[in-house]
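One structure below.
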Amino acid sequence: DQEKKKQAAEQSEDMTVCRLILTEMDKHDDGWPFLKPVNFKQFPAYKKYIRQPMDFTTMKNKLRDNQYKTRGDFAADVRLIFNNCQTFNEDDSEVGRAGHNMRKFFEVRWKQLLLTS
Ligand SMILES: Cn1cc(C(=O)NCCN)ccc1=O
């Protein structure tokens with residue numbers, strides 16, 4: 001009915017915002033550690049310490065497969081990436097700093113796009 005159609009339209013606008021912000025993070029200079037899943041061969045301890053790995057490519061695939069029902073689900077995976085990063089990396093390291101920079105970029109952009117919709 002009318003209400004359902006409206007909700008569906010909003011939901012798809014939300015996913016458009018999610019796709020946009022993921023594209024921006026993919027292109028960001030500090031996004032390099034997060035583009036693909038962490039390589040367990042390169043970092044054997046990662047699998048042991050990080051229960052739920054996440055990265056931008058995995059998120060792109062989840063978006064494509066319609067696995068995010070709300071913006072909140074999407075934001076939870078982004079924050080998982082940066083929380084994992086803080087768990088596994090010193091703040092004062094290349095990857096650690098990139099994680100803090102990318103988290104800041106995301107949270108600012110996320111608020112901005114929340115208001116415009
Ligand atoms: C997210 N993350 C990435 C790396 C990394 O070195 N990625 C390089 C990809 N070429 C190491 C630890 C970590 O937590």
Side-chain angles (χ1 to χ4, degrees):
D1 68 320
Q2 208 46 42
E3 180 52 27
K4 288 263 183 331
K5 258 194 247 134
K6 201 161 78 61
Q7 280 165 4
E10 266 155 24
Q11 213 271 344
S12 97
E13 271 163 29
D14 285 351
M15 289 303 121
T16 301
V17 164
C18 294
R19 254 188 295 281
L20 169 66
I21 205 163
L22 193 55
T23 304
E24 292 177 352
M25 293 200 289
D26 238 10
K27 291 192 286 202
H28 196 291
D29 284 352
D30 294 333
W32 58 272
F34 315 107
L35 300 177
K36 298 264 188 298
V38 173
N39 185 322
F40 296 154
K41 292 185 196 62
Q42 200 181 348
F43 300 95
Y46 199 82
K47 203 166 163 20
K48 182 167 179 302
Y49 290 101
I50 302 300
R51 291 287 170 231
Q52 213 186 337
M54 189 46 66
D55 66 279
F56 297 163
T57 297
T58 302
M59 291 192 66
K60 219 183 299 178
N61 294 338
K62 285 180 75 169
L63 262 175
R64 179 200 58 207
D65 302 342
N66 196 25
Q67 283 184 271
Y68 294 118
K69 288 307 158 208
T70 67
R71 305 170 55 118
D73 297 343
F74 174 86
D77 263 0
V78 175
R79 290 165 180 146
L80 176 60
I81 293 175
F82 302 133
N83 292 341
N84 288 344
C85 185
Q86 278 197 245
T87 301
F88 194 75
N89 303 277
E90 296 291 336
D91 291 342
D92 185 20
S93 69
E94 280 280 293
V95 172
R97 256 187 307 282
H100 287 295
N101 292 349
M102 288 308 294
R103 182 201 292 278
K104 181 68 184 167
F105 174 81
F106 170 75
E107 296 298 348
V108 166
R109 199 68 184 109
W110 187 245
K111 279 199 184 64
Q112 229 175 355
L113 291 170
L114 185 66
L115 301 175
T116 48
S117 67

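In each ligand, atom 1 is the first atom listed, and ligand 1 is the first ligand listed. Only this structure's heavy atoms are used, side chains among them; waters, hydrogens and symmetry mates stay out.
When hydrogens are left out, the protein atom nearest atom 8 (C) of ligand 1 is Trp32 CZ3, 4.1 Å; that is the closest non-hydrogen contact. Here the protein heavy atom with the shortest distance to atom 2 (N) of ligand 1 is Val38 CG2, 3.6 Å. For atom 6 (O) of ligand 1, the nearest non-hydrogen atom of the protein is Phe43 CZ, 3.5 Å. Here the protein heavy atom with the shortest distance to atom 3 (C) of ligand 1 is Pro33 O, 3.4 Å.
Inside a 4.0 Å radius of atom 10 (N) of ligand 1 there is not any protein heavy atom.
Phe88 and Phe43 have perpendicular rings, their planes meeting at more than 60° on a 0 to 90° scale where under 30° would count as parallel.
The distance from ligand 1 to the heavy atoms of Tyr46 drops below 4.0 Å at these ligand atoms: 14 (O).
Considering each of Asn89, Val95, Asp55, the one bringing a non-hydrogen atom nearest atom 14 (O) of ligand 1 is Asn89.
Heavy atoms of other residues, nucleotides or ligands lying less than 6.0 angstrom from NZ of Lys69 number more than 12.
Side-chain contact of Gln11 with Gln7: a donor-acceptor pair under 3.5 Å is absent, judged by distance alone. One side chain, Thr58 or Asp55, offers a donor N or O that lies under 3.5 Å from an acceptor on the other.
Using a 4.5 Å cut-off on side-chain heavy atoms (C-beta onward), Phe74 and Gln67 make no contact.
With His28 as the fixed residue, the ring-ring contact (aromatic ring centres under 6.0 Å, His included) test singles out one of Phe105, Phe106, Phe34: Phe105.
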